[in-house]
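What you see is a predicted model, and the numbers here were worked out from it, not measured in a lab. No hydrogens, no waters, no symmetry mates; every other heavy atom, side chains included, goes into these values. A, B, ... follow the sequence lines: proteins, then strands. Residue 1 opens every chain.
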Protein chains: 2
Amino acid sequence: MDNNIPDIEILFELADLFKVFGDSTRLRVMVTISDSERSVTEIAESLNMEQSTISHQLRVLRQNKLVRVRRDGKQMYYSLDDDHVKKIIEMGMDHILE
Amino acid sequence: MDNNIPDIEILFELADLFKVFGDSTRLRVMVTISDSERSVTEIAESLNMEQSTISHQLRVLRQNKLVRVRRDGKQMYYSLDDDHVKKIIEMGMDHILE
DNA sequence: ATAACATATGAACGGATATACATATGTTCA
DNA sequence: TGAACATATGTATATCCGTTCATATGTTAT
């Protein structure tokens, strides 16, 4: 942490970011697509959840720029946006597993 | 991320951990005590919030082992538990500020 | 064009939770 | 011991949010 205290507004943004990570479905989705991109149906089947549920959560992930999308015909392929995402998850893991 | 997919239960735990970071009040508390320990009253005044609100949130932070407590007379002095906490916050900051 | 499939979206319901108020517990000092 | 202060806790409320169901939008192939 730096010496200077982060602005309140930034802390609100930060809280919003962590909120996205604070749901097990979204985490599972992120983990599911962490190695290679997956279509919505693939993710839903993999997690054994409703397609609409996954779609709703993917929107949240999209809005927070945590995932990328690519269309290929009828399917939309999702993948993690950048390495920050993986690192944030790993960091959390470290805390839990210590 | 490793090749092996994390267990579902661990992802639930992980979500719970991130949930704690997903509240601006708790984040502000953490930032407030990141440099040096502070009493409950000090934190509450610093954030201009009710003492009970802060106390409730400190309990959440305690239960998740994110803060340490030390009693000194009437006051309880809170500080961050370990460097993971700071690093998780920094990592989130990086994501936002990029 | 229409059928079949994939995904997104809207609305509603239920459960979780942050805050405030009141009060209890704990500590110090006179 | 009792007053004053610091912190914790119980309860209630209001808001937020994840999921489901229903349906719309978009794409492909016949």
What is the separation between atom [atom1] on [X] and atom [atom2] on [N], rounded to the nearest whole Å?
{"X": "A/M49", "N": "C/dA8", "atom1": "CE", "atom2": "P", "result": "16 Å"}
{"X": "B/R28", "N": "C/dT19", "atom1": "CZ", "atom2": "P", "result": "10 Å"}
{"X": "A/Q63", "N": "C/dT9", "atom1": "CD", "atom2": "P", "result": "9 Å"}
{"X": "B/L27", "N": "C/dA18", "atom1": "CG", "atom2": "C1'", "result": "14 Å"}
{"X": "A/F12", "N": "C/dA18", "atom1": "CZ", "atom2": "C1'", "result": "12 Å"}
{"X": "A/R59", "N": "C/dG10", "atom1": "CZ", "atom2": "P", "result": "6 Å"}
{"X": "A/L61", "N": "C/dA8", "atom1": "CG", "atom2": "P", "result": "12 Å"}
{"X": "A/I54", "N": "C/dA8", "atom1": "CD1", "atom2": "P", "result": "11 Å"}

TODO: Please report how far the helix from C/dA1-D/dT30 to C/dA30-D/dT1 bends, comparing the axis fitted to its first five pairs with the axis fitted to its last five, to the nearest 10 degrees.
DONE: 20°
Which part of the nucleic acid does [X] contact within heavy-atom distance under 4.0 Å: base, sugar-phosphate only, or nothing?
{"X": "A/S55", "answer": "base"}
{"X": "A/Y78", "answer": "sugar-phosphate"}
{"X": "B/S52", "answer": "base"}

TODO: State, to 0.1 Å, how close A/S39 and A/Q75 come at their nearest heavy-atom pair, and which atoms those are.
DONE: CB-CB, 4.1 Å
Open item on the list: Ignoring hydrogens, what is the shortest heavy-atom contact between A/S24 and B/A15? Give both atom names and the distance.
Closed with: N-CB, 3.5 Å
- [ ] Applying side-chain contact (heavy atoms from CB on, under 4.5 Å) between A/H95 and each of B/N64, B/D81, B/L17, report the one that passes.
- [x] B/L17
Is [X] close enough to [N] that one of its side-chain N or O atoms is under 4.0 Å from OP1 or OP2 there?
{"X": "B/T53", "N": "C/dT19", "value": "no"}
{"X": "B/R71", "N": "C/dT27", "value": "yes"}
{"X": "A/Q51", "N": "C/dA8", "value": "no"}

Task: Sidechain-backbone polar pair: B/S55 side chain, B/S52 backbone, donor-acceptor under 3.5 Å - done: no
Task: A/V69 reachable from A/M30 in the ILVMFWY side-chain graph, under 4.5 Å edges - done: yes
Open item on the list: Please determine whether residues A/V60 and A/Y77 belong to a single hydrophobic cluster, defined as Ile, Leu, Val, Met, Phe, Trp and Tyr linked transitively by side-chain heavy-atom distances below 4.5 Å.
Closed with: no
TODO: Begin from the C-alpha positions of A/L14 and A/L11 and carry the test side-chain contact (heavy atoms from CB on, under 4.5 Å) through to its verdict.
DONE: CA-CA 5 Å; A/L14 191 55; A/L11 289 179; 4.2 Å; yes
Open item on the list: To the nearest 0.5 Å, what is the distance between CD on B/Q57 and CG on B/L27?
Closed with: 10.5 Å
Task: salt bridge (Lys or Arg N to Asp or Glu O under 4.0 Å): pairs with one or both residues in residues 47-70 of chain B, sequence neighbours excluded - done: B/E37-B/R70
- [ ] Under the side-chain contact (heavy atoms from CB on, under 4.5 Å) rule, what do B/F18 and A/I88 come out as? Steps first, then yes or no, please.
- [x] CA-CA 10 Å; B/F18 283 126; A/I88 291 174; 3.7 Å; yes
- [ ] Assign each of A/R26 and B/S39 to its nearest nucleotide of DNA chain D by heavy atoms, then name whichever residue's nucleotide is nearer the 5' end.
- [x] B/S39
Task: First-last contacting nucleotides on DNA chain D - partner chain A, under 4.0 angstrom, heavy atom - done: D/dC17 to D/dT28
